[in-house]
Structures are given as C-alpha cells and as structure tokens.
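Remarks on the structure that follows.
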Protein chains: 2
Amino acid sequence: MTDSKETSIIDKLQNLYLLLSAQFGNCTGVSPSRFRLLQQLYHADEISQAALQKELQIDSAAITRHLKQLEADGIVARRMNPSDNRVTLVRLTDHGREEIVLYRKEMERFLAQMLQDFSMEEQQQLSRMLARMQSNIRNYTEGE
Amino acid sequence: MTDSKETSIIDKLQNLYLLLSAQFGNCTGVSPSRFRLLQQLYHADEISQAALQKELQIDSAAITRHLKQLEADGIVARRMNPSDNRVTLVRLTDHGREEIVLYRKEMERFLAQMLQDFSMEEQQQLSRMLARMQSNIRNYTEGE
DNA sequence: CACTATTATTTGATGCGTCAACTATTGACA
DNA sequence: TGTCAATAGTTGACGCATCAAATAATAGTG
C-alpha cells in the first residue's frame, strides 16, 4: 500500500501552509492575507474592493472585514466612488504607508529564509508547479 | 522593482491552499484536515489524541474539536486509557470505517486530477521542495 | 510521603475564510 | 419610464486553526 505516500503532497501542502501562516504572522505582525492586501494598496494608490477581491482571490466578505479592521486601525481610508455609489474606494493613509514599509522589510527577511537554499531555477520550477496544480484543481470544479 | 515577483511564491502557496481546501471539501465531503485525521485512524486501529496531534501537526485543541464532532456523528469512539487516565484512546466505529472508504475514493480522484500532468519525478521534486521550505521556516523560528 | 514538574485534554477568545441571504445602485431594454 | 438583471458591499452562520489558561492525572525527587 502506498496510501500514505499518495496523500503526502496534500499533507505537505497543508503543513507548510499552516506553518507559513503562523510564522509569517509572528515575524511580520500581519497575516499573509492582510499583507497581500496591503501590498496591493501600496501599489495601487486607490482601488475598489471588488478589484482587491479579484487580485487576492479571497471572498469579498473577508475583504470587507479586513478593511473594516484596517480602517479602525487608521491604516486605510475608504470613500464612496462619487460616480458609482456601489463601489467603495480604498487607499492607504500616510500612517498606513509608513507601517507597510516595515512589514515589507520583515517579509523580505522571512521569504529569504524560506527560500534560502533555492536556486533561481528551482524557484521558477516551484512557481510553475504550484500554478499547474491550481489550474488542475480549477478544471476539476468545472468538470463536476 | 520585482516586488510582486518576490512574494509570488507565498501568494501562490496561499491561493493554492485555499482553493485546495475548498475543492477538496466539495469533492470528498470532508476537509483536508479531517480527512487526514480519519486516515490516521484508519491505519492505526486505536490511537491517543496526543499521537494524532503529533502526526497531523495540528493544535491539540483542534484535534479535540474534530473528534468531538466525529464522535457525535458516530464515526469515531473514544475511551479512556485504563492504564493512564490522562489519555483518551480513539478508534473508528464500524460505520466510520465504511464511510472513510468512500472518502478515500473521492480523494484519489481529486488527487489524480490535481497532479494529472505531473511525472513521478516532478512529484518527488515538488515533495522535496515543500519539505525544504518547511524546514527552513522551522529554523527561522528557532533563530529568532 | 509531600511537592513540583510534566503530560493529556479541554475550553474560551480570537483570526481568517466560506457560503448564502440581503441591501443598494446601476444598466438595459421593452 | 417601469421592470428586471447584474454588480458592489455587508452581515450572519459556520468551519477550522491558534494561543492561553484551566483541569486532571502521573512521574520524579528530596
């Protein structure tokens, strides 16, 4: 029986992800999701929640909650799009912009450690494999 | 700036994991964690929660809650270890054993789809890379 | 034997994600 | 223009994980 072998990739993926989230949070002070969200805001100046949702691939409910918290923390400011009252536009506050610079530094360190012994070639290979799995899973959905 | 490039592995890992969890659940009817837990029980006959915790690398609080639910669903039976009243021994019920056979079938299909275009060689490579990252992250913790 | 770890499990608070249901706006078209 | 569909965001219920604190039982030691 190769049972345990066959599942091992899912197991490894899960163990890695859980460890990654926990450690990333410890090191940078924000969760990976929140960091990614801030990263988008950092590059985008001002952006709608729907656009954030598309980038991050996270449920829009989760986006709403992150932003609510970030707004309460003074990291982010929101306003309605005057030309379409359905959409909310989000941007970093000046304070937020300062904070994220620190997060980014920590993240750099973390990432460097995580990939310390990976060659460029390996990193690309890994990236491609992850992307392939993702697309395979997506197709499974449709095929159901 | 190669900013978005540099984070892309974490991004990809997260996107993949979230998609994986959601889809795995849809397809098999159980979450990856719960499946792994059942898998352990399937192979172990009777096992303590602490041992499960070590295998799965999941917080023991989460183990308790999974088992509570599984017990309520009649999948699992728990009893105290008569020779050490601290430990709880867990085993699949007959019903549970039948159920898991079905889950396993679904899981096989899911996994096959996820890795459909991966050669054996690639799968091993991927496994090794995931393990390396995990160990790199662990070391980071200690280094702090 | 009493005292102090250590170990196993549980519970409560919290973070983050999902889905489903609901509101508000906008767009399109008979 | 009135109606209906699509889009953006929010909220509530829920699943699953984490940490910290509490409880029990056992082990080790002077």
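Residue numbering restarts at 1 for every chain, and letters A, B, ... go by the order of the sequence lines. For the numbers below, each heavy atom of this structure counts, side chains included, while hydrogens, waters and symmetry mates do not.
- Along DNA chain C, the nucleotide nearest A:His66 and the nucleotide nearest A:Ser83 are compared for position; the residue whose nucleotide lies closer to the 5' end is A:His66.
- Residues A:Ile10 and B:Leu111 meet the side-chain proximity criterion, which asks for heavy atoms closer than 4.5 Å.
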Between N or O atoms, less than 3.5 Å apart, protein on one side and nucleotides 3-10 of chain D on the other: list the pairs.
{"residue": "D:dT7", "atom": "O2", "partner": "A:Arg86", "partner atom": "NH1", "Å": "3.4"}
{"residue": "D:dA8", "atom": "O3'", "partner": "A:Arg86", "partner atom": "O", "Å": "3.4"}
{"residue": "D:dG9", "atom": "OP1", "partner": "A:Gln49", "partner atom": "N", "Å": "3.3"}
{"residue": "D:dG9", "atom": "OP1", "partner": "A:Thr88", "partner atom": "N", "Å": "2.7"}
{"residue": "D:dG9", "atom": "OP1", "partner": "A:Thr88", "partner atom": "O", "Å": "3.2"}
{"residue": "D:dG9", "atom": "OP2", "partner": "A:Ala50", "partner atom": "N", "Å": "2.5"}
{"residue": "D:dT10", "atom": "OP1", "partner": "A:Arg78", "partner atom": "NH1", "Å": "3.1"}
{"residue": "D:dT10", "atom": "OP2", "partner": "A:Gln49", "partner atom": "OE1", "Å": "3.2"}
{"residue": "D:dT10", "atom": "OP2", "partner": "A:Gln49", "partner atom": "NE2", "Å": "2.9"}
{"residue": "D:dT10", "atom": "OP2", "partner": "A:Thr64", "partner atom": "OG1", "Å": "2.8"}
{"residue": "D:dT10", "atom": "OP2", "partner": "A:Arg78", "partner atom": "NH1", "Å": "3.4"}

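- For B:Phe110, the ring-ring contact (aromatic ring centres under 6.0 Å, His included) partners two or more places apart in sequence, or in a different chain, are A:Tyr140, B:Phe24.
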Does the side-chain contact (heavy atoms from CB on, under 4.5 Å) test come out yes or no for A:Asn26 and A:Gln23, once each step is laid out? CA-CA 5 Å; A:Asn26 285 345; A:Gln23 281 314 109; 3.3 Å; yes
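- Atom CD in A:Gln23 sits about 19 Å away from atom P in C:dG15, given to the nearest Å.
- What separates CG of B:Asn15 from C1' of C:dT18 is a distance of 15 Å, to the nearest Å.
- Atom CG in B:Leu52 sits roughly 18 Å away from atom P in C:dT7 (whole-Å rounding).
- Using modelled atom types, one finds no donor on one side chain facing an acceptor on the other under 3.5 Å when comparing A:Gln69 with A:Arg34.
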Using Watson-Crick and G-U wobble pairs with both distances under 3.5 Å, what is the 5'-to-3' dot-bracket string of DNA chain D, with [ ] for crossing pairs and | for pairs outside the strand? ||||||||||||||||||||||||||||||
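- What separates CD of A:Gln69 from P of C:dT14 is a distance of 12 Å, to the nearest Å.
- Rounded to a whole Å, the CG atom of A:Asn81 is 15 Å from the C1' atom of C:dA24.
- Between the C1' atom of D:dC16 and the OH atom of A:Tyr17 lies a distance of 12 Å, rounded to the nearest Å.
- One interatomic measurement links the two molecules: CD of A:Gln57 to P of C:dT18, which rounds to 10 Å at whole-angstrom precision.
- Within 6.0 Å of the CG atom in A:Asp117, the count of heavy atoms belonging to other residues, nucleotides or ligands exceeds 12.
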Let's go through A:Arg36 and A:Glu55 carefully: what are the C-alpha distance in whole Å and the side-chain angles of both, what is the deciding distance for side-chain contact (heavy atoms from CB on, under 4.5 Å) to 0.1 Å, and is it a yes or a no? CA-CA 9 Å; A:Arg36 291 175 58 202; A:Glu55 285 295 334; over 6 Å; no
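- Contact check on A:Glu108 versus A:Lys105 returns no salt bridge, with no Lys/Arg side-chain nitrogen under 4.0 Å from an Asp/Glu carboxylate oxygen.
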How far apart are the C-alpha atoms of B:Ile100 and B:Leu41, what are their side-chain angles, what is the distance that settles it, and do they pass the side-chain contact (heavy atoms from CB on, under 4.5 Å) test? CA-CA 10 Å; B:Ile100 193 176; B:Leu41 291 170; over 6 Å; no
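- Residues A:Asn136 and B:Gln116 have side chains that bring a donor and an acceptor to within less than 3.5 angstrom of each other.
- Considering only side-chain N and O atoms, A:Asn85 lies under 4.0 angstrom from the phosphate OP1 or OP2 of C:dT26.
- Separating the CG atom of A:Leu19 from the P atom of D:dC19 is a distance of 10 Å, rounded to the nearest angstrom.
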